[in-house]
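Just below is one structure, and these are the notes that go with it.
Note that these values count all heavy atoms, side chains included, but never hydrogens, waters or copies made by symmetry.
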Amino acid sequence: MSRYDYCRILVTEIAIADTQSLLGRLFEGTFQQRTLTVGDIEVEVRRNPDGRDDGVPSNDFVQWPVQIEIEPNTPHGEAAMVETVSRALEALWNAKAQAVAACDFEDELPWSGGIQRLRPSETE
């Protein structure tokens, strides 16, 4: 397995439908049910099974209500994972959502996948 074979982004402050709409516009595609194909990569947006959506803000991103799973569907897709995940994160942040990536290549993503946006004083 490659370190680029999977990435999970946890999101709050934006609904699932709005997340799909945002990513559909960003990648110029249409979701088929919960999945959008972006070249050699599949992007799935769904409810986080470990998430909570009780309206109480939390920095515990593992419990955020929206989950995006990004996976290459061919070996060529692995080469585009960093760019694809980075674009998705930046679009979410620009939409005022909070988003944190959990993957083996977080160190190659902006803000270390978003964790530095939550805890900037710990990384300075």
Side-chain angles (χ1 to χ4, degrees):
M1 293 181 89
S2 162
R3 71 183 274 177
Y4 302 102
D5 63 354
Y6 177 80
C7 189
R8 176 179 173 201
I9 301 174
L10 296 153
V11 185
T12 190
E13 299 179 18
I14 187 171
I16 290 172
D18 295 332
T19 302
Q20 287 180 329
S21 178
L22 176 79
L23 295 177
R25 286 190 310 274
L26 175 68
F27 295 117
E28 299 176 353
T30 303
F31 276 82
Q32 301 299 317
Q33 295 182 352
R34 296 184 297 203
T35 304
L36 171 69
T37 301
V38 181
D40 294 319
I41 295 176
E42 290 189 348
V43 178
E44 181 181 345
V45 178
R46 61 186 174 104
R47 186 185 71 76
N48 177 5
D50 299 320
R52 61 179 235 205
D53 195 12
D54 55 13
V56 178
S58 172
N59 282 344
D60 186 3
F61 65 89
V62 175
Q63 295 182 347
W64 288 352
V66 178
Q67 175 174 290
I68 303 168
E69 293 185 340
I70 303 176
E71 297 180 83
N73 55 19
T74 71
H76 297 290
E78 290 184 9
M81 283 290 284
V82 173
E83 178 186 353
T84 301
V85 173
S86 295
R87 288 181 64 200
L89 285 169
E90 289 172 347
L92 289 160
W93 297 330
N94 287 337
K96 306 299 184 224
Q98 289 193 60
V100 173
C103 49
D104 289 339
F105 54 91
E106 295 162 9
D107 58 317
E108 298 179 53
L109 299 171
W111 293 94
S112 294
I115 197 69
Q116 288 182 348
R117 290 173 61 96
L118 293 180
R119 301 185 200 123
S121 62
E122 292 179 16
T123 59
E124 292 177 349

Spatial distance of atom OG1 (T19) from atom CD (Q67) [nearest 0.5 Å]:
12.0 Å
Show, in sequence, the C-alpha distance, side-chain angles and deciding distance for R46 and E69, and conclude whether the side-chain contact (heavy atoms from CB on, under 4.5 Å) test is met.
CA-CA 8 Å; R46 61 186 174 104; E69 293 185 340; 3.0 Å; yes
Looking at every heavy atom in both V62 and R8, which two are closest together, and how far apart are they?
O-NH2, 4.4 Å
Side-chain donor/acceptor pairs under 3.5 Å, residues 32-39, sequence neighbours excluded:
none

Please give me the minimum heavy-atom distance between I14 and V66, naming the atom from each residue.
O-CG2, 3.4 Å
Are L26 and L22 connected in a single hydrophobic cluster, I mean Ile/Leu/Val/Met/Phe/Trp/Tyr linked by side-chain heavy atoms less than 4.5 Å apart?
yes
Examine I16 and F27 and state if one hydrophobic cluster contains both, with Ile, Leu, Val, Met, Phe, Trp and Tyr joined whenever side-chain heavy atoms are less than 4.5 Å apart.
yes
Applying side chain to side chain contact (heavy atoms under 4.5 Å, CB included) between V85 and each of V43, L109, I68, report the one that passes.
L109
Interatomic spacing from CD1 in I41 to CD1 in I70 - rounded to 0.5 Å
7.5 Å
For S86, what residues pass the side-chain hydrogen bond (donor to acceptor under 3.5 Å, both in side chains) criterion, not counting sequence neighbours?
none
With rounding to the nearest 0.5 angstrom, report the CD to OG1 distance, E42 to T74.
10.0 Å
Taking P75's backbone N and O only, do any of them form a donor-acceptor pair with D40's side chain (distance below 3.5 Å, no angle check)?
no
If every non-hydrogen atom of M81 is compared with every non-hydrogen atom of P72, which pair is closest and at what distance?
SD-CD, 3.7 Å
Could you state the interatomic distance from CD1 (I115) to CZ (F61), rounded to the nearest 0.5 Å?
4.5 Å
Give me the one residue out of L10, V11, T12, N48 that meets side chain to side chain contact (heavy atoms under 4.5 Å, CB included) with P65.
T12
Reported CZ-to-CD distance for the pair R25 and Q20, which is rounded to 0.5 angstrom
12.0 Å
Distance-only criterion, 3.5 Å: show the donor-acceptor pairs between side-chain atoms of residues 91-106 and protein atoms not counting sequence neighbours.
unit_1 : atom_1 : unit_2 : atom_2 : d
W93    : NE1    : A99    : O      : 3.1
N94    : ND2    : E90    : O      : 3.2
Q98    : NE2    : E13    : OE2    : 2.8
E106   : OE2    : C103   : N      : 3.0

